[in-house]
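Here is the naming used below: chain letters follow the sequence lines, and residue numbers restart at 1 for every chain. Hydrogens, waters and symmetry mates play no part in the numbers below; they use all other heavy atoms, side chains included.
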Amino acid sequence: MVSVTTWNINSVRLRMPLVEQFLTAHAPDVLCLQEIKCIEEQFPAKAFRELGYEHIAIHGQKGYHGVATVSRLPFREISRYDWQDNGEARHVGVQLTDPAHQGMVIENVYVPAGGDVPDREVNAKFGQKLDFLERMARWADKVDQPTLIVGDFNIAPLESDVWSHKQLLKVVSHTPIEVEALQRFMDAHGWTDIGREHVPAPQRYYSWWSYRNPNWQTNDKGRRLDHMWASPDLAKQATRHTILEEARNWERPSDHVPLTTEFSL
DNA sequence: ATGGTTGTCATACAA
């Protein structure tokens, strides 16, 4: 069995106590973090090692963005793509090296949020988000190994991935143009959306609730921005998928919650 | 239509 968690942690240094709480209680084999918000030298590697996560791949930058993958299973870092073509740290790829794990590739990605206005003519960040997705699609077309790609995709593609489809149609993260770009990425490899395999639409499934709504639980204006997508054959080996919604209620929480998938490898 | 919050870094920017 191999278990993998993805979690946008929104500052790994600030939230290391929550990470420790999560790892102690749930102990996934691999943890993919997004928005670590630090450079490699500032990453709390020692704390991870002491928890048994001795294998660490960090792609960081000062203050913003940044991703890291930590693991109890041995891996080798294989890639750091700049799909935005602007030097931001938004991806790191690793491959498990123990033969028992069949060379499983784990890609950890943080798709840009894309700013507020869903129009690339007036909002460059939105254009960068769309370009990022197109470059991901071109890359996915060539993927030829069993791969799991996880992370904060910053897009909620399905109607049941948001609290109100109608009210969010013009809100960045749920606009048709983004959903279509994400679909091109999906079609380029034929990924399986593991989250929706295990929690089929139209069931409620959210992974993020804004800090701007203090009554997040009562109002439940969530979105499914975080995803775990697998190559078709690998997806068939996914046995369990969990959403740790309670983590949104922890003290000084991230606005995203951890998602975990277990594979029979 | 507007503002609501958080984190980093330095008082603005990204989400």
**Message:** When you compare the side chain of A:Val12 with that of A:Pro44, does any pair of heavy atoms fall below 4.5 Å?
**Reply:** yes

**Prompt:** Given B:dT6, is OP1 or OP2 found less than 4.0 Å from the side-chain N or O atoms of A:Arg248?
**Reply:** no

**Prompt:** Side chain of A:Arg212: nearest nucleotide among B:dG4, B:dC9, B:dC13?
**Reply:** B:dG4

**Item:** Check ion pair A:Arg72-A:Glu54 (N to O, under 4.0 angstrom)
**Value:** no

**B:dA12 and B:dA1, which share atom name P, separated by this distance in whole Å** = 28 Å

**A:Leu18 CG to B:dG7 C1', straight-line distance once rounded to whole Å** = 14 Å

**Message:** Below 30° counts as parallel, above 60° as perpendicular, anything between as tilted: where do the rings of A:Phe153 and A:Phe185 land?
**Reply:** perpendicular

**Request:** May I have the step-by-step check of salt bridge (Lys or Arg N to Asp or Glu O under 4.0 Å) for A:Asp193 and A:Arg224, ending in yes or no?
**Result:** CA-CA 12 Å; A:Asp193 176 348; A:Arg224 185 172 74 111; 2.8 Å; yes

**Message:** Does B:dG7 have its OP1 or OP2 closer than 4.0 Å to a side-chain nitrogen or oxygen of A:Arg15?
**Reply:** yes

**Message:** Taking B:dC9 as the reference, what is the distance to B:dA14 when you measure between their C1' atoms (whole Å, please)?
**Reply:** 12 Å

**Residue A:Lys62, side-chain heavy atoms: nucleotide from B:dA15, B:dG7, B:dC9 that is nearest** = B:dC9

**Asked** Hey, which of these two, A:Gly114 or A:Leu14, hits DNA chain B nearer its 5' end, going by closest nucleotide?
**Response** A:Leu14

**Message:** Please report the distance, rounded to the nearest Å, between CD in A:Glu88 and P in B:dA15.
**Reply:** 7 Å

**Message:** Tell me whether the side-chain N/O atoms of A:Ser210 come closer than 4.0 Å to OP1 or OP2 in B:dA15.
**Reply:** no

**Request:** Answer yes or no: is there an ion pair linking A:Asp82 with A:Arg90, defined by an N-O contact shorter than 4.0 Å?
**Result:** no

**A:Ile9 side, atom CD1; A:Lys37 side, atom NZ - distance, nearest 0.5 Å** = 11.0 Å

**Request:** Taking only the side-chain heavy atoms of A:Arg90 (C-beta and beyond), determine which of B:dG7, B:dC9, B:dA15 contains the nearest atom.
**Result:** B:dA15

**Message:** Could you tell me how far apart A:Asp116 (CG) and B:dA14 (C1') are, to the nearest whole angstrom?
**Reply:** 10 Å

**Asked** Given atom OH of A:Tyr64 and atom C1' of B:dA12, what is their separation to the nearest angstrom?
**Response** 7 Å

**Item:** Value in whole Å for how far the P atom of B:dT8 lies from CG of A:Asn10
**Value:** 7 Å

**Item:** 5'-most by nearest nucleotide on DNA chain B - A:Arg252 or A:Asp255
**Value:** A:Arg252

**Message:** I need the CD1-P distance between A:Ile9 and B:dG7, as an integer number of Å.
**Reply:** 11 Å

**Asked** Between A:Asp226 (CG) and B:dA15 (C1'), how many Å, whole number?
**Response** 13 Å

**Asked** Which nucleotide, B:dC9, B:dA14, B:dT6, lies nearest any side-chain atom of A:Tyr211?
**Response** B:dT6

**Request:** To the nearest Å, give me how far apart CD (A:Gln42) and P (B:dG7) are.
**Result:** 16 Å

**Asked** For B:dA15, does either OP1 or OP2 sit under 4.0 Å from a side-chain N or O belonging to A:His65?
**Response** yes

**Prompt:** How far, in whole Å, is B:dT6 from B:dT11 if one measures between their C1' atoms?
**Reply:** 16 Å

